[in-house]
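By convention in this document, chain letters (A, B, ...) are assigned in the order of the sequence lines, proteins followed by strands, and residues within each chain are numbered from 1.
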There are 2 protein chains.
Amino acid sequence: MARPKVEPGLEPNRRRELLRAAARLFVDKGFAATTTRDIAEAVGMRAGSPFYHFRSKQELLKAAMIEGLDSGLVRLLAAVDGVADPEMRLRRLVRTHLGNLLEDDCRSPMLIYESRALEPADRAEVAAAFDRYQAPWQATLDALAAGGRIASAAPPLRLLMFGMLNGCSHWFRPGGTLSVDQIADAAAGLLLGGGANQKSPDS
Amino acid sequence: MARPKVEPGLEPNRRRELLRAAARLFVDKGFAATTTRDIAEAVGMRAGSPFYHFRSKQELLKAAMIEGLDSGLVRLLAAVDGVADPEMRLRRLVRTHLGNLLEDDCRSPMLIYESRALEPADRAEVAAAFDRYQAPWQATLDALAAGGRIASAAPPLRLLMFGMLNGCSHWFRPGGTLSVDQIADAAAGLLLGGGANQKSPDS
DNA sequence: CATAACAAAGCAATCGCTTGGTTAATTGTT
DNA sequence: AACAATTAACCAAGCGATTGCTTTGTTATG
C-alpha cells in the first residue's frame, strides 16, 4: 500500500496531512489532551506511523506552528500588497488574520498558546516565526501613529490587539449570528479609535 | 497528623488549599498537562489524598472555576460600589478584572478556557458562573451606549473586550516594563473610543 | 470508640515511542 | 527489457512509564 513519492528529496503529501490534522486537534483539544493515536487515526494511519515522519509529538507541534504561521503570513502579505493607506492596510490585516484564525482549517495562530509544551530552544524558533508574522502589523500601526490616526503604537496596543483578535476563536461559531466580516469591522473600529462597532468606510 | 476541623459540617481549610494550588497549576500548565500528583505535591499531600476532598480531577477543575469566578465577582462589585459614572465604572471593572487575572494567585478568569475538559453538564454550571461575572459588565456597557459614550453595546463588543483583557495573561510578566495600571488605562482607552493609549482622566 | 483526614500501596488503563516486519515503488545492472 | 537491490512509507505488536483513581490501613481528635 505504499504510495508513490513525487520526487526524491521532496516532502511527501502525507506529512502535510499529519500537520493539518495535528493542528486541528491541538487547537480543539489542546496539546496535552491530544494523543498521537488521535492524530494517526485522523489521517487513517496506525498508532506508531506518525513517528516515521516526526521524531516526537513536540516536533509535530513545533512544525505545525512554524509552517502554519509562515503560510498565514503569506496570506497577510498578499492581502496588503499594493495597499498604500495604512487604515485600509490595518483593516485588511485584521480581516485576513481572522480568516487564518477562524476559517482556515488549521487555525494556526491559535497554536502559539501551546508554546508552553515546548522546550526553550524550540520555543525560541516558534517565537521567531511569530515575530515574522507580527512585523507587518507593527509597521502598519507605526504608520497610523505617524499619521495621527491613532494616539500611539506603543507595545501594549499590539499585544492587546492580538489578544482581542485571537480571543475570537474561543467564542466564534461558524454559521452563528456574527459573520467574520462583522467581527473584523468591529475590531478594526475599536483599534481605529472611532468607538465600538464603527462601520468600515468601504462596505 | 490529622488536623482539627473548625466546625462539624463546614469545609475544612485543606480543601481551599487544594483549590488554590489546582487553579495555579491548571492556568500555568493546562488541565490535561497537570497531574493530580502535581496538585497533591503542591500542598504536601500524597498522590491519592486529594480524592478524599474531590471525587475526580474534573470536579476539582469545576470547583476551582466556579468558586474562583464568584470570589472575583465579589471584588468586581466592591470596586464599582457607589460609582455612578459609567465611564468610571468601566475603568474600575477593567482594573479589577486585570487584578483578578494577573495579580490574584488563583487567576481564576483564565480557567474558563479549560471548559473543554468538562462534560456538558458541568460546563453549563461554569457558564452560569461566568454569566454572573459578566452581568455588571454588560450593564455598564449598556449605560455607556445609552449615554452616547460608545457607539453600541452589541454582542461583539463584550466578546472582543474579554478577549483583549484575558489575553494579557499570556504575555504579562510581573515586574516587567508594563504595570497593570498602564495596561488597564490602555485597554479602557481603546474601549472608550478615544484612540489607543489615552490617559485616564483621573490619574 | 467513632469519625475526619489523611498515608501507603497498588491497579487498570493509557501514554509516547520503539522494534521488526511488509509491500509497493524506484533504481541500478546487465 | 528483465531482474535483483534498495528505499519510502507504512503496519503490527508491544514496552516501559505515567495516569486517574481505589482500597486498605493509620492516627489524632472529639
Does the ring-ring contact (aromatic ring centres under 6.0 Å, His included) test come out yes or no for A:Trp137 and A:Phe162, once each step is laid out?
-> CA-CA 10 Å; A:Trp137 295 82; A:Phe162 272 113; 5.0 Å; yes

How long is the line joining [atom1] of [X] and [atom2] of [N], in whole Å?
{"X": "B:Glu59", "N": "D:dG20", "atom1": "CD", "atom2": "P", "value": "15 Å"}
{"X": "A:Leu25", "N": "C:dC15", "atom1": "CG", "atom2": "P", "value": "13 Å"}
{"X": "A:Arg16", "N": "D:dA9", "atom1": "CZ", "atom2": "C1'", "value": "18 Å"}
{"X": "A:Leu61", "N": "C:dC17", "atom1": "CG", "atom2": "P", "value": "12 Å"}
{"X": "B:Glu41", "N": "D:dG20", "atom1": "CD", "atom2": "P", "value": "13 Å"}
{"X": "A:Phe54", "N": "D:dA8", "atom1": "CZ", "atom2": "C1'", "value": "15 Å"}
{"X": "B:Arg15", "N": "C:dA5", "atom1": "CZ", "atom2": "C1'", "value": "15 Å"}
{"X": "A:Lys57", "N": "D:dT18", "atom1": "NZ", "atom2": "P", "value": "15 Å"}

Side-chain contact check for B:Phe51: nearest option of D:dT22, C:dG16, D:dC10 is D:dT22

Can a donor-acceptor pair be found, under 3.5 Å and without considering hydrogens, that links the side chain of [X] to the backbone of [Y]?
{"X": "B:Glu59", "Y": "B:Ser56", "result": "no"}
{"X": "A:Thr140", "Y": "A:Arg89", "result": "no"}
{"X": "B:Gln138", "Y": "B:Ala153", "result": "yes"}
{"X": "A:Asp38", "Y": "A:Thr35", "result": "yes"}
{"X": "A:Thr96", "Y": "A:Leu93", "result": "no"}

Check whether any side-chain N or O of B:His53 sits under 4.0 Å from OP1 or OP2 of C:dA4, and answer yes or no.
->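 So the side-chain polar atoms of B:His53 never come under 4.0 Å of the phosphate oxygens OP1 or OP2 of C:dA4.
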
C:dC6 OP1/OP2 closer than 4.0 Å to side-chain N/O of B:Tyr52 | no

Please enumerate all protein N or O atoms sitting under 3.5 Å from an N or O of nucleotides 7-14 of chain C, with distances to 0.1 Å.
residue: C:dA7; atom: OP2; partner: B:Arg46; partner atom: N; Å: 2.9
residue: C:dA7; atom: OP2; partner: B:Ser49; partner atom: OG; Å: 2.6
residue: C:dA8; atom: OP2; partner: B:Arg46; partner atom: NE; Å: 3.1

Residues that A:Tyr133 engages under side-chain hydrogen bond (donor to acceptor under 3.5 Å, both in side chains), provided they are two or more places apart =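 Partners of A:Tyr133 under the side-chain hydrogen bond (donor to acceptor under 3.5 Å, both in side chains) test: A:His97, A:Asn100.
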
